[in-house]
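I have placed the structure first, in the form of structure tokens, so that the comments after it can refer back to it.
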Amino acid sequence: MKIATFNVNSLRARIANVLDWLKDAQPDVALLQEIKCLEGEFPRLEFESLGYNAACVGQKSYNGVAILSRTRMEIELKALPGDHGDEQARYLEAIIDAPDGEKWKALRVASIYLPNGNPVESEKYPYKLSWMKRLKAHAAELLKLEEPTVLGGDYNVIPTDNDVYDPAAWAEDALARPETRAHFRALQWLGYTDAFHHLHPEGHRYTFWDYQAGRWQRDEGLRIDHLMLSPQAADCLEACEIDRAPRKKEKPSDHTPIWCELRL
DNA sequence: ATGCCTAACACCGTTAGA
């Protein structure tokens, strides 16, 4: 079962790109972030025409996450627990049905758009850190279920200096600061596996390249999109790769998809 | 030292992204 995550940087601006990617990559489940549209503007029919069930939590102009699944899914949560006052559309969780006639167990997935947090002196950084604390608390609850679970998305976290082209330049950025990294490691200490790092520990493989300054052409990027696996999912991990093809196209997102294959 | 680029929204610039 192939599960992919992709920060599309506006679904309306990227719809042709995203549909091409789905046709080429054929994920069973796709987690999308930064759809930047209201639910009423969500291109459900286009996804259904490719054979996907689709669900989203939308917001005008900013944020927004979605889940696409080839099989039936049930939405479990449309917001991250822990702060009823948080109105930003950054979390969607679903249970994905096993396909008929297969022995796959059901899979729980979440599409995550973790706050960027810059500038660090602003209220945005404490919001990011509190969001990460809430994520840890919820992730700990999910572990008690002992299910295969994939918490995937744009974490806006550079986990180590091996995940950025110029560590010194990024050391004080909200994506790389020690507090940010500590909260990300806390997820790993709980028992979640960073799928890509597990299979590609060599580092310097990126999922984001800034539009500016020729970052893509020079392969000066960041690894900030992650697939975090519960132990029951990590047991089934067969492969995990970054798909650079969509970043090469006309009018690309500044992120590119990352996927994992689980034999459930 | 700064902007580089892209998108949304509203307006012909500002905000946000990372």
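Letters go in sequence order (proteins before strands), and every chain restarts at 1. Because the structure is predicted, anything quoted here is derived from the model rather than measured.
Residues passing the side chain to side chain contact (heavy atoms under 4.5 Å, CB included) test with A:Tyr125, sequence neighbours excluded: A:Val120, A:Lys128, A:Leu129, A:Ala174, A:Arg177, A:Glu179, A:Thr180. In this structure, the salt bridge (Lys or Arg N to Asp or Glu O under 4.0 Å) partners of A:Asp163, at least two apart in sequence or on a different chain, are A:Arg223. Here A:Asp219 pairs with A:Arg244 under the salt bridge (Lys or Arg N to Asp or Glu O under 4.0 Å) rule; sequence neighbours left out. For A:Trp209, the ring-ring contact (aromatic ring centres under 6.0 Å, His included) partners at least two apart in sequence or on another chain are A:Trp216. The side chain to side chain contact (heavy atoms under 4.5 Å, CB included) search around A:Asn17 returns A:Arg14, A:Lys249, not counting sequence neighbours. Applying the side chain to side chain contact (heavy atoms under 4.5 Å, CB included) criterion to A:Glu238, with sequence neighbours excluded, gives A:Glu261, A:Arg263. Residues meeting the side chain to side chain contact (heavy atoms under 4.5 Å, CB included) test with A:Leu50, sequence neighbours left out: A:Leu19, A:Leu22, A:Lys23, A:Tyr52.
Atom CD of A:Glu220 and atom P of B:dA18 are 19 Å apart (whole Å). Taking atom CH2 on A:Trp216 and atom C1' on B:dA18, their separation rounds to 17 Å, with Å as the unit. B:dG17 atom C1' lies 16 Å from atom CD1 of A:Ile35, rounded to whole Å. Atom CG of A:Asn116 is separated from atom P of B:dA18 by 5 Å (rounded to the nearest Å).
A:Ser69 places a side-chain N or O within donor-acceptor distance of the main-chain N or O of A:Thr71, the cut-off being under 3.5 Å.
A:Tyr206 comes within contact range of no nucleotide atom at all, as no heavy-atom separation falls under 4.0 Å. When heavy atoms are screened at a 4.0 angstrom cut-off, A:Asn63 is found touching no nucleic acid atom at all.
On the P atoms, B:dA10 is 23 Å away from B:dT6, given to the nearest whole Å. As rounded to the nearest Å, B:dT2 and B:dC12 have C1' atoms that lie 24 Å from one another. The P atoms of B:dC9 and B:dG3 are separated by 25 Å, rounded to the nearest whole Å. Nucleotides B:dG13 and B:dA1, compared at atom P, are 29 Å apart to the nearest Å. Atom C1' of B:dC11 sits at a distance of 15 Å from the matching atom of B:dA7, rounded to the whole Å.
A ring pair (Phe, Tyr, Trp, His ring centres under 6.0 Å) with A:Phe6 is found for exactly one of A:Phe208, A:Trp259, A:Tyr113, A:Trp21, namely A:Trp21.
Listed pair A:His255 / B:dA18 meets the phosphate criterion, a side-chain N or O lying under 4.0 Å from OP1 or OP2.
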Original post:
Can you give one letter per nucleotide of nucleotides 4-16 of chain B, going 5' to 3': B for a protein heavy atom under 4.0 Å from the base, S for sugar-phosphate only, - for none?
Top reply: BBSSSS------S
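If you check residues 150-162 of chain A against DNA chain B, the residues with a heavy atom closer than 4.0 Å are A:Asp154, A:Asn156, listed by number.
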